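I have placed the structure first, in the form of structure tokens, so that the comments after it can refer back to it.
This structure is a prediction, so every number in the text was calculated from the model and none was measured.
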Amino acid sequence: MRRVTMVAAGLFTALLVAALPTAGASAGGGQSTLVSTDPVDWTPNVLDGTVYAVAVVGDEAIVGGDFHRVASADGSIEVTRDGLFAFRLGTGAISTRFAPRPNGTVRALAAGPDGTVYVGGSFTELAGGAHHGLARLSVADGTASPEFTAGIDTGTVFTLAADGPTLYAGGTFGAVGGTARPALARLSGRTGAVDTGFDAAVAQQRSGRLRVSKLALSGTGALAIIGTFTQVGGQSRNQLAVVSASTGAVRGWYTDAYQQQCNESYNSYLRDLDFAPDGASFVVVTTGHQAGPTTMCNAAAKFDLTGAGAHHPVWVNRTGGNTLLSVACTGTAVYVGGHQKWLDNPYGDKSAGTGAVSRPGIGAIDPDTGRALAWNPTHDRGNGVDALVTFPAGSGHPGGLLVGSDTEHMGHEYHARIGAFPLP
């Protein structure tokens, strides 16, 4: 999932910028072909819990969630890894040195500088020290970067994005490092210090806690956020907003598409979003329990970023009442995951309506037409696919799509909670 943008940051030197990554968790987002429907054979298996987040740092995949046991692909090795582990892309070798052992759930990951990874979640300790919801770890050995001292007051970090010298964090917190930043903050990627020049003023939750659930960076200076809020920067923005990635100022872009109520038990029914590789559009996926040809619940919807004022979806692909949890946009496809049974199903209601196509657990949508592509590897449904992350070619592998979930089968094969579809 493409989570990066080039941001002007006068507080940081050109030397520091050169030393930090400019590619994010979805560094392979520009893929020009569909991935195979046949999963690779080398990914390890997560034997319990759920995988909520995946990041790629070089040729290492870092996996986060609420699990405890991980095994090699052939089952010959089983190790304890509480909520966080790393493995080698191309071989699946589980890192023997990266075992930070957070004492809570890992919800978010992002590639950091110099072979590190940012970690966000509900933990208060990891890597043998106190870290409240945020940390930067060495991928080589799992140690915490001592200069990175950010921590949230209460709540959980649900989403992270890193770009150059900057880290963005969203969640249910009220402050970071003692500075009030409800639900959304921009930090120094080196020290974790809050950027006091960035304040999106996220406010007025629909119900429950104020939360930024997911964020995505366009690569063109825009930051899109989803969550429980109804106001950003003093302007009405229901569950979805676009702000300046450098200052947090709310943009004139808005949509009323998500004003409607789905099931009243959902304080937000938006679950994930991702920008196209060119940054000119993004796709939002939702839950909501409702179905029908006009609802925005249980659907994937594409929006153009260009222009100010009201924006309507370019297209909407509806599942017929089943949840979508994750999305990853490439040049060829919009990959979506969840516990859906169908796509192209506006007339279904937990059933296959006219025109519906079977796409259990995972599917791909044409970025231009909004119609389901023929790609249909299948995935166990369970609660659903929580993480979709593209990755570029590297040593001994062609790149592809990493998939994290709470279930055990994808592409008609056993791949417990983590797997990968390779590029051809």
Side-chain angles (χ1 to χ4, degrees), residues 1-12 17 20-30 53-57 107-113 117-118 120 134 136 157-171 176 181 183-189 194-195 197-200 202 212-227 229 232-233 237 240-251 253 270-285 302-306 311 326-331 334 387-392:
M1 290 173 285
R2 194 169 187 269
R3 306 283 193 222
V4 297
T5 187
M6 297 304 296
V7 181
L11 297 176
F12 301 93
V17 171
L20 294 169
T22 56
S26 191
V54 183
V56 174
V57 178
R107 290 282 184 173
L109 296 166
V117 63
Y118 298 105
L134 277 169
R136 180 162 65 91
V157 173
F158 280 98
T159 181
L160 294 171
D163 173 50
T166 305
L167 177 68
Y168 298 84
V176 181
R181 282 296 181 272
L184 180 65
R186 184 179 191 257
L187 314 173
S188 162
V194 172
D195 181 349
F198 178 97
D199 188 358
V202 178
V212 169
S213 304
K214 296 286 183 176
L215 54 82
L217 290 145
S218 69
T220 58
L223 171 67
I225 60 174
I226 59 175
F229 54 83
V232 176
R237 296 290 187 271
L240 169 63
V242 178
V243 305
S244 164
S246 57
T247 68
V250 65
R251 289 196 170 192
W253 188 103
L270 280 62
R271 287 294 178 261
D272 197 12
L273 77 167
D274 192 27
F275 274 97
D278 64 3
S281 62
F282 59 92
V283 175
V284 177
V285 296
K302 176 182 176 179
F303 295 89
D304 281 334
L305 180 64
T306 55
H311 284 65
S326 54
V327 59
C329 296
T330 74
V334 174
L388 291 172
V389 175
T390 59
F391 63 102

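In this structure, the side chains of L305 and F275 come closer than 4.5 Å at one or more pairs of heavy atoms. For the pair F303/L273, no side-chain contact is recorded, criterion being any heavy-atom separation below 4.5 Å from C-beta on. Between V334 and K302, every side-chain heavy-atom pair lies at or beyond the 4.5 Å cut-off. Residues L134 and L187 form a side-chain contact, since some pair of their non-hydrogen atoms from C-beta on lies under 4.5 Å apart.
Listed by chain and number, the residues in a side-chain contact (heavy atoms from CB on, under 4.5 Å) with A183 are V202, L210, V212 (sequence neighbours excluded). S281 pairs by the side chain to side chain donor-acceptor pair (under 3.5 Å) definition with nothing, not counting sequence neighbours.
Within the 3.5 Å criterion, the main-chain N or O of A245 finds a donor-acceptor partner in the side chain of R186.
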Chi angles and distances behind the side chain to side chain contact (heavy atoms under 4.5 Å, CB included) call for L223, F198: CA-CA 12 Å; L223 171 67; F198 178 97; 3.8 Å; yes
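For the pair C329 and D274, the tightest heavy-atom approach, listed with the atom from each and the gap, is N-OD2, 2.7 Å. Here the closest non-hydrogen pair linking K214 and R271 is CG-O, 3.3 Å. Closest of all the heavy-atom pairs between T159 and S213 is CB-O, 3.4 Å. Smallest separation of non-hydrogen atoms from S326 and V285: N-CG2, 3.8 Å. Annotation for A55 and A110: closest pair CB-N, 4.1 Å, computed over non-hydrogen atoms. Across every non-hydrogen atom of G331 and P277, the tightest pair is N-CG, 3.6 Å.
When the options D195, L215, L160 are evaluated for a side chain to side chain contact (heavy atoms under 4.5 Å, CB included) with Y168, the one that passes is L215. The side chain to side chain contact (heavy atoms under 4.5 Å, CB included) with L109 is formed by just one residue from the set V57, V56, V117; it is V117.
In this structure, W253 and F282 have tilted ring planes: the angle between them lies in the 30° to 60° band.
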